[in-house]
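Accompanying notes for the structure given below.
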Amino acid sequence: MNPPDPSRLCIHTMTTKPWSLDEAVEHFSGAGIGGITVWRQHLPDDIAAAGRRIRDAGLRCVSLCRGGFFPAVRESDRGKAIDDNLRAIDQAHALGTDLIVLVCGAVPGLPLAESRRHIADGIAAVLPRAVEAGVRLAIEPLHPVYAADRSAINTMAQANDLCDQLGSPDHLGIALDVYHVWWDSDLPAQIERAAGGGRLHAFHVCDWKTEPADMLNDRGLMGEGVIDIRSIRRMVEQAGFTGAIEVEIFSDRYWAMDQHHYLGKILQACREHV
Ligand code: ZN
């Protein structure tokens, strides 16, 4: 399998968090990278103008990160979460991307089954607006280590089940992040299932370090950890996925580095390990 051409790559603005959106656009484009995924905290007030700057720089805006976080103890808070997701759909539309990644949410103390009901209800409540805006929602299953407080959707099978339950195949799908699903023996079958349903919308890469200093912000650069990224890429591409390969790394260590140097390391890691 050949290394991906840089034009197939997309980098998340969170990966190079110290850069502003405009800096990221300039430097990604200058490196020949094809796409960018914008995190909402990097959106300026004039979102449409930012979308134009991204396109003018020759970049595709692959997705907006992130919506979700639907479960809450109080009903009023569940309503606020729905409002926030409706806002995210409007932002994606203004930015000119047709995809929003959902980190579905979980609340310590709330039973997982109940969180999953809140997630299904929350997505169902915002789907009509997504359809209207021409925006797809992609459920990103999170590694079970985050089941307490970030997402009660922890496997590809759960994400596939939720998509089946809610219908809307054109507007609800899955974002596969190797960091979250690499350990799952059911992964090949669930990739086939997602792709067969036309719902495999995104592919995120980074690496799982065996002794992370922090469970959230010490993700590895591809090749630094234990994930067989190339095998998973082969699975998604054999299943028909042709979208961007998105580099999404949260790392205090790399954020402290000169970001130009880091971007060079990302490109090298993609050549050698993706
Ligand atoms: Zn991801």
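All residue numbers in this chain count up from 1 along the given sequence. In listed order, ligands and their atoms are each counted from 1.
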Have a look at [X] and say which of its N, O or S atoms is nearest the Zn ion (ligand 1).
{"X": "Asp177", "result": "OD2"}
{"X": "Glu248", "result": "OE1"}
{"X": "His204", "result": "ND1"}
{"X": "Glu140", "result": "OE2"}

Problem set entry | Lys/Arg N to Asp/Glu carboxylate O, Asp84 vs Arg87, below 4.0 Å |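 Result for this pair is yes, salt bridge flagged.
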Exercise. Are Arg8 and Asp5 ion-paired here, with the side-chain N under 4.0 Å from a carboxylate O?
Worked result: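 No, no charged N to carboxylate O under 4.0 Å.
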Exercise. Short question: side chain of Thr16, backbone of Trp19 - any donor-acceptor pair under 3.5 Å?
Worked result: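 Pair absent, no side-chain N/O of Thr16 close to backbone of Trp19.
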Problem set entry | hydrophobic_cluster_shared for Leu86 and Val131, side chain cutoff 4.5 Å |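 No, it is not one cluster - the side chains of Val131 and Leu86 are not joined through contacts under 4.5 Å.
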